[in-house]
Amino acid sequence: MKNVFLVASFLICFTSFAQGPRGNNDRQPKPKMERPDFTPTQLAELQTKKLTLELDLDEKQQAKVFELQLKVAKDREAHKTEKGPKDEMTDEDKFEKHSARLDSQIEYKNAMKSILNKDQFEKWEKTSENRGKKRKQEGRRDKKREKRH
């Protein structure tokens, strides 16, 4: 009887220690890849090529999309340089910045609507929706990872 009790207690001890700590605290988070520092022209060209592959754009559409992407890339570059601390912004400043960003998104969407035909525009909208959902999910995963560590 003693031997059975002794063997059972050893088995319980070994199985409880065999399970690692919960949460996998020993695992390192994946380092984020650094994005290459492309010029606005390079970014516009890459985006145009990507959209050409996705939507089968013709030459005229490619030229118009390139101009639009170039404008967006230059605006993004300008906003990067003027970026300041968020804490110093007033509520009014935040509202104006958010409103301006939404206005530019509306302008971009209208420009794409005028460049693309109906089928291409529907496909573009669907893929841009999916990209937004994917980014949102990735952001949530990153926040969960940060909480664990």
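Residues: numbered from 1 along the sequence shown. What you see is a predicted model; the values in this text were computed from it and never measured. Side-chain atoms are counted along with the backbone in the values below, which use heavy atoms only and exclude waters and symmetry mates.
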> How about D91: does its CG atom have over 12 heavy atoms from other parts shown lying under 6.0 Å from it?
Replying inline: no
>> Whether the side chain of E77 engages the backbone of T39 through a donor-acceptor N/O pair (distance < 3.5 Å, no angle test) should be reported.
In response: no
> Within a strict 4.5 Å, meaning less than it, do heavy atoms of the D93 and K97 side chains meet?
Replying inline: no
> What are the two closest heavy atoms between T48 and Q69, and how far apart are they?
Replying inline: OG1-CG, 4.0 Å
> Are the side chains of F95 and E92 in touch, meaning some heavy atoms are under 4.5 Å apart?
Replying inline: yes
>> So, taking the atom named OG1 in T90 and the one named NZ in K94, what distance separates them when rounded to the nearest 0.5 Å?
In response: 8.5 Å
> Is L55 isolated, or which residues cluster with it under the ILVMFWY side-chain rule of less than 4.5 Å, directly or via members?
Replying inline: L51, L57, V65, L68, V72, Y108, M112, I115, L116, F121, W124
> When rounded to the nearest 0.5 angstrom, what distance separates CD in E59 from OG1 in T52?
Replying inline: 8.5 Å
>> For a quick test of reading the model, state the closest non-hydrogen atom pair linking A73 to P40 and the distance between them.
In response: CB-O, 3.6 Å
> In Å and rounded to the nearest 0.5 Å, what is the CG to NE2 distance from D103 to H98?
Replying inline: 10.5 Å
> Applying salt bridge (charged side-chain N to carboxylate O under 4.0 Å, His left out), which residue pairs with at least one partner in residues 104-118 are found, sequence neighbours left out?
Replying inline: K71-E107, K109-E125
> Distance-only, no hydrogens or angles: does the K123 side chain make a donor-acceptor pair with backbone N or O of E54 under 3.5 Å?
Replying inline: yes
> Considering only heavy atoms from C-beta outward, does the side chain of H79 approach that of R101 to under 4.5 Å?
Replying inline: no
> To the nearest 0.5 Å, what is the distance between CG (N110) and CD (Q105)?
Replying inline: 12.0 Å
>> Any salt bridge linking K49 with E45? Criterion: basic side-chain nitrogen under 4.0 Å from a carboxylate oxygen.
In response: yes
